[in-house]
Undergrad: 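First, the structure itself, so that you have it in front of you.
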Amino acid sequence: MAAVCVSTSSTPTTDVAETPGTQLRVGRLTKAHGLKGAIKLELYTDDPERRFVPGAVFSLQVPKDSPWHGKHLTLREVRWFNGQPVGFFEGVDDRTAAESLLKAILWVEHVDDEAPEDDAWYDHQLIGLAVLREGVRIGEVARVEHLPAQDLLIVRVDDENAADRDVMVPLVSAIVPEVDLEAGTLTVTPPAGLFEELAESSTTDDTAAPVADGDAPAE
């Protein structure tokens, strides 16, 4: 199966302007470009020609204290500069307005009968999947968190000694190379130490029993 690259959801961690139906996360506003309100885009979609067309309306994921909280953006056009997409939006006409939108995440409404994007998964499809490392189950996906920089899988590890301790796994192809919905599994290739810390902690707790005063070893 193709490598996973993005998760979509209707319940992100930061408030999104209310829109009925399921929302798809398609991009993030990263940096003001020039003086006329243009903003550089980081794309979270494999199909920008479908998502970023003139007139497209985006719900905004921004903090509650943002002046854009609860609002939407309408796209005027996208231009490419040195391979970088730059968006122009209605009502964003100067650099000050553009800078007030930095780090905002863009969401669009999902249409039920539209073709799915490659390597895109809904949160409800990922939650509950068994997490495998080198073919061995090590836990289960408890939830998905959407942060400005990336999506995170929250994995509940299969270790009774590490109860209520979760591991945050970046949802990127280098660490999550395979999702098999039919098998109900998700394969991870985590960097060294990501899960070992839990195992080492559990081992230490089990083996480091206190020594009674009368049983102290002789010098």
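Here the structure is a predicted model, which is why all the values come from computation and not from measurement. For the numbers below, each heavy atom of this structure counts, side chains included, while hydrogens, waters and symmetry mates do not.
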Undergrad: How close do Val92 and Arg76 get, counting heavy atoms only, and between which atoms?
TA: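 Scanning both residues, the minimum pair turns out to be O-NH2, 4.3 Å.
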Undergrad: Test side-chain contact (heavy atoms from CB on, under 4.5 Å) on Leu24 and Arg51 and set out the steps.
TA: CA-CA 10 Å; Leu24 305 179; Arg51 303 300 183 191; 3.2 Å; yes
Undergrad: Quick check for you: to the nearest 0.5 Å, what is the distance between Glu77 atom CD and Glu90 atom CD?
TA: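 Spacing of CD (Glu77) from CD (Glu90) equals 11.5 Å.
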Undergrad: Under 4.5 Å between any side-chain heavy atoms of Val157 and Val131, yes or no?
TA: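 No, too far: nothing below the 4.5 Å cut-off.
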Undergrad: Which distance, rounded to the nearest 0.5 Å, do you find between the CD1 of Ile105 and the CG of Leu29?
TA: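 It comes to 9.5 Å.
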Undergrad: How long is the span from the NZ atom in Lys36 to the CG atom in Asp93, to the nearest 0.5 Å?
TA: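 With rounding to 0.5 Å, NZ (Lys36) is 11.0 Å from CG (Asp93).
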Undergrad: Measure across Ala174 and Thr189 and return the closest heavy-atom pair with its distance rounded to 0.1 Å.
TA: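 Looks like O-OG1, 2.9 Å.
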Undergrad: Are side-chain heavy atoms of Val78 and Pro48 found at a separation under 4.5 Å?
TA: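 Not touching, per the 4.5 Å side-chain cut-off.
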Undergrad: Is Leu41 linked to Trp80 within one hydrophobic cluster, defined over Ile, Leu, Val, Met, Phe, Trp and Tyr using a side-chain heavy-atom separation of less than 4.5 Å?
TA: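 Leu41 clusters together with Trp80.
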Undergrad: What's the shortest heavy-atom distance between Thr187 and Pro177, and which atoms?
TA: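 That closest heavy-atom pairing would be O-CD, 3.1 Å.
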Undergrad: Return the set of residues passing ring-ring contact (aromatic ring centres under 6.0 Å, His included) with Phe52 (not counting sequence neighbours), or none when no residue passes.
TA: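 ring-ring contact (aromatic ring centres under 6.0 Å, His included) check on Phe52 returns Phe58.
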Undergrad: Considering non-hydrogen atoms only, spot the tightest contact between Gln61 and Trp107 and give its length.
TA: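 Scanning both residues, the minimum pair turns out to be OE1-NE1, 2.9 Å.
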Undergrad: Closest heavy-atom contact between Thr74 and Val57?
TA: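 Minimum heavy-atom separation between Thr74 and Val57: OG1-CG2, 3.8 Å.
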Undergrad: Measure the CD-CG distance between Glu49 and Asp47 for me, rounded to the nearest 0.5 Å.
TA: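 These two atoms lie 6.0 Å from each other.
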Undergrad: Which Ile, Leu, Val, Met, Phe, Trp or Tyr residues join Phe88 in one cluster when any pair of side-chain heavy atoms under 4.5 Å counts as a link?
TA: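 Listed partners: Phe81, Val86.
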Undergrad: So, taking the atom named CG in Leu102 and the one named NZ in Lys40, what distance separates them when rounded to the nearest 0.5 Å?
TA: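 Those atoms lie 11.5 Å apart.
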Undergrad: Looking only at heavy atoms, which two atoms of Gly139 and Asp158 are closest? And how far apart?
TA: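 That would be N-OD2, 3.4 Å.
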Undergrad: Looking at side-chain heavy atoms only, is the closest gap between Leu186 and Leu153 below 4.5 Å?
TA: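 Counting from C-beta outward, Leu186 and Leu153 do come under 4.5 Å.
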Undergrad: Please confirm whether the backbone N or O of Gly34 pairs with a side-chain atom of Arg95, one donor and one acceptor, at under 3.5 Å?
TA: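 Confirmed, Arg95 side chain pairs with Gly34 backbone.
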Undergrad: Quick one, Leu60 and Leu101 - any side-chain contact, counting heavy atoms below 4.5 Å?
TA: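 Counting from C-beta outward, Leu60 and Leu101 do come under 4.5 Å.
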Undergrad: Roughly how far apart are Met168 CE and Ile154 CD1, rounded to 0.5 Å?
TA: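 It is 6.0 Å, given to the nearest 0.5 Å.
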Undergrad: Taking only residues two or more places apart in sequence, or in another chain, which ones meet Ile175 in a side chain to side chain contact (heavy atoms under 4.5 Å, CB included)?
TA: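 By the side chain to side chain contact (heavy atoms under 4.5 Å, CB included) rule, Ile175 matches Val169, Pro170, Val172, Pro191.
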Undergrad: When you measure from the side chain of Arg156 to the backbone N and O of Asp166, does any donor-acceptor pair fall under 3.5 Å?
TA: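 A pair under 3.5 Å: no.
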Undergrad: Taking Thr96's backbone N and O only, do any of them form a donor-acceptor pair with Asp94's side chain (distance below 3.5 Å, no angle check)?
TA: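 A pair under 3.5 Å: yes.
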Undergrad: What about Leu73 and Leu43, same hydrophobic cluster or not, with Ile/Leu/Val/Met/Phe/Trp/Tyr joined at side-chain heavy-atom distances under 4.5 Å?
TA: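 Shared cluster, yes.
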Undergrad: Taking the side chain as C-beta and beyond, is there a heavy-atom pair between Val167 and Ile138 under 4.5 Å?
TA: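 Result no, sub-4.5 Å side-chain heavy-atom pair not found.
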Undergrad: Is any side-chain heavy atom of Arg25 less than 4.5 Å from a side-chain heavy atom of Asp151?
TA: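 With C-beta onward as the side chain, the pair touches.
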